[in-house]
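Single-structure report; data block below.
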Amino acid sequence: MKKYTIAVLAGDGIGPEIMAQAVKVLRAIEKRGAVKFELAPAPFGAAAYFECGKSFPAETVNICDAADVILKGTIGLGHEETKKIPVDEQPERGALLPLRKRYNTYANFRPVVLPKSLAHFSPLRPEVIGGGIDIMMIRELVGGLYFGDKERGVDADGRRFVRETLEYNEEQVRRIVETAFATALQRKKILHNIHKSNVLKSSVLWNEVVDEAAARHPQVKVHHVLVDAAATYLCLDPGRFDVMVMENMFGDILSDQGGGILGSLGLMPSACIGPEKSYYEPSHGSAPDIAGKNTANPCAMIGSAALMLEMSLDMKKEADDIRRAMQKVFAAGFTTPDLPPLDGKPKMLSTGEFGDRVAAGLD
Ligand code: IPM
Ligand code: MG
């Protein structure tokens with residue numbers, strides 16, 4: 001029997017309650033008898049900081065290093081709570097970005113998927129959605145403004161100033177662009193390259209690298225789209241997109257818009273792929289306002305576990321089964337509070353009930 005060790009970083013806010021559902025689903029897959037998951041929970045985020053003074057403690061680093069793969073929940077607290085943590089230990093800067101950096105998880109896959117049968121979740125009109133939404137957003141995850149040099153100070157006139165650097169070298173661009181072409185080749189052979197080359201020189205270099213890659217992959221039709229225009233098209237005509245590739249900050253913003261056109265960020269899983277180790281997390285935050293209420297939508301978390309099975313553990317069939325099981329719950333008319341009900345009569349499920357039904361659907 002195959003055996004995998006998974007570092008489980010439940011994190012803050014709704015993280016633990018949605019992670020519990022992903023674990024239920026993994027246990028249901030285990031019951032089929034082909035694989036054993038050794039789950040290694042570890043503190044991460046603000047919870048870890050208050051426990052031991054570090055938001056990515058050495059103990060957690062060791063557990064992640066030793067694991068085959070990492071499954072992460074959500075991190076972060078509300079505005080006031082966050083201020084109790086020193087800026088550099090705040091969970092985004094102190095835990096999440098170091099996690100991305102440590103495993104060099106440069107390729108972030110964010111599927112924006114809504115089958116036609118669930119089109120009523122979307123705020124877009126049915127004629128705009130057509131046959132449903134099926135986009136793979138590919139975001140560069142370890143470069144650009146997020147990781148460039150930063151400086152804060154006071155200038156000669158006594159004014160506070162800040163400077164952040166957007167830096168990419170061609171190799172960093174090439175590897176994510178090649179990932180995008182490889183993905184496009186497996187799908188519709190259409191690639192939308194998202195950029196801002198009318199203003200940013202980083203986009204001029206980025207586009208040069210895309211054009212060079214396009215020459216190596218003539219089977220793929222490349223469209224260059226300015227990031228602001230892409231935001232508009234996502235609302236007006238999402239069907240034109242299949243695979244989209246973009247730098248880190250653009251990807252952060254457009255992928256949240258992806259969640260918006262689906263109807264909820266709770267439907268947005270993600271995969272963060274590195275050369276040796278990868279980790280999987282929902283695209284959304286820790287929603288401190290609803291934490292502990294058992295009302296959060298666990299789909300993005302469960303979907304991230306499915307992506308983990310597919311992309312890191314060679315279990316595509318099981319991943320598809322999980323996604324189908326989630327759709328079946330919705331098709332039966334159930335929703336979570338973040339989504340509109342099918343026919344005006346809400347059949348609302350709690351976080352735990354949703355997880356139970358998905359797990360039961362895998363039997
Ligand atoms: C995301 C999140 C993170 C990001 C935050 C939590 C730092 O918004 O994964 O999209 O900006 O990358
Ligand atoms: Mg984001």
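Just so you know, these numbers use all the heavy atoms, side chains as well, and skip hydrogens, waters and symmetry mates. Position 1 is the first residue of the sequence, and the numbers go up from there. Whatever order the structure lists them in is the order used to number ligands and atoms, beginning at 1. It should be emphasised that the depicted structure is a prediction, and the values quoted were computed from it without experimental measurement.
No salt bridge links K317 with D320; every basic N to acidic carboxylate O contact stays at or beyond 4.0 Å. Salt-bridge check for R27 with E30: passed, with a basic side-chain N closer than 4.0 Å to an acidic carboxylate O. Under a 4.0 Å N-O distance rule, the pair E353/K347 does not qualify as a salt bridge.
Using cut-offs of 30° and 60° for the angle between ring planes, the F181 and H217 rings count as parallel. Classified by interplanar angle (parallel below 30°, tilted 30° to 60°, perpendicular above 60°), the ring pair H192/H223 is parallel.
Stacking of R187 on the aromatic ring of F109 is not recorded, the 6.0 Å distance cut-off and the 45° axial limit not both being met.
Looking at ligand 1, you won't find any N or O of S255 less than 3.5 Å from one of its N or O atoms. Checked by distance only, ligand 1 and D256 stay at 3.5 Å or farther apart across all their nitrogen or oxygen atoms. Backbone and side-chain nitrogen or oxygen atoms of R139 are examined, and one is located within less than 3.5 angstrom of a nitrogen or oxygen of ligand 1.
Residue-level proximity to ligand 1 for M268 is absent, since no heavy atom of it falls below 4.0 angstrom. Only side-chain heavy atoms of R110 come within less than 4.0 Å of ligand 1; its backbone N, CA, C and O stay farther off.
Among protein heavy atoms, the minimum distance from atom 5 (C) of ligand 1 is reached at L96 CD2, 4.0 Å. The shortest contact between atom 11 (O) of ligand 1 and any protein heavy atom is with Y146 OH, 2.5 Å.
For E80, the side chain to side chain donor-acceptor pair (under 3.5 Å) partners are K83, not counting sequence neighbours.
Residue S255 forms a side chain to side chain donor-acceptor pair (under 3.5 Å) with just one option from H284, R110, R139, and that option is R110.
Nearest to atom 8 (O) of ligand 1 by heavy atom, out of D252, L141, I75, L265, is D252.
Checking D65 against Y103 by side-chain atom types alone, a donor-acceptor pair falls below 3.5 Å.
Between R93 and ligand 1 there is no heavy-atom distance shorter than 4.0 Å.
Listed by chain and residue number, the protein N/O/S atoms under 2.8 Å of the Mg ion (ligand 2) are D252 OD1, with waters left out.
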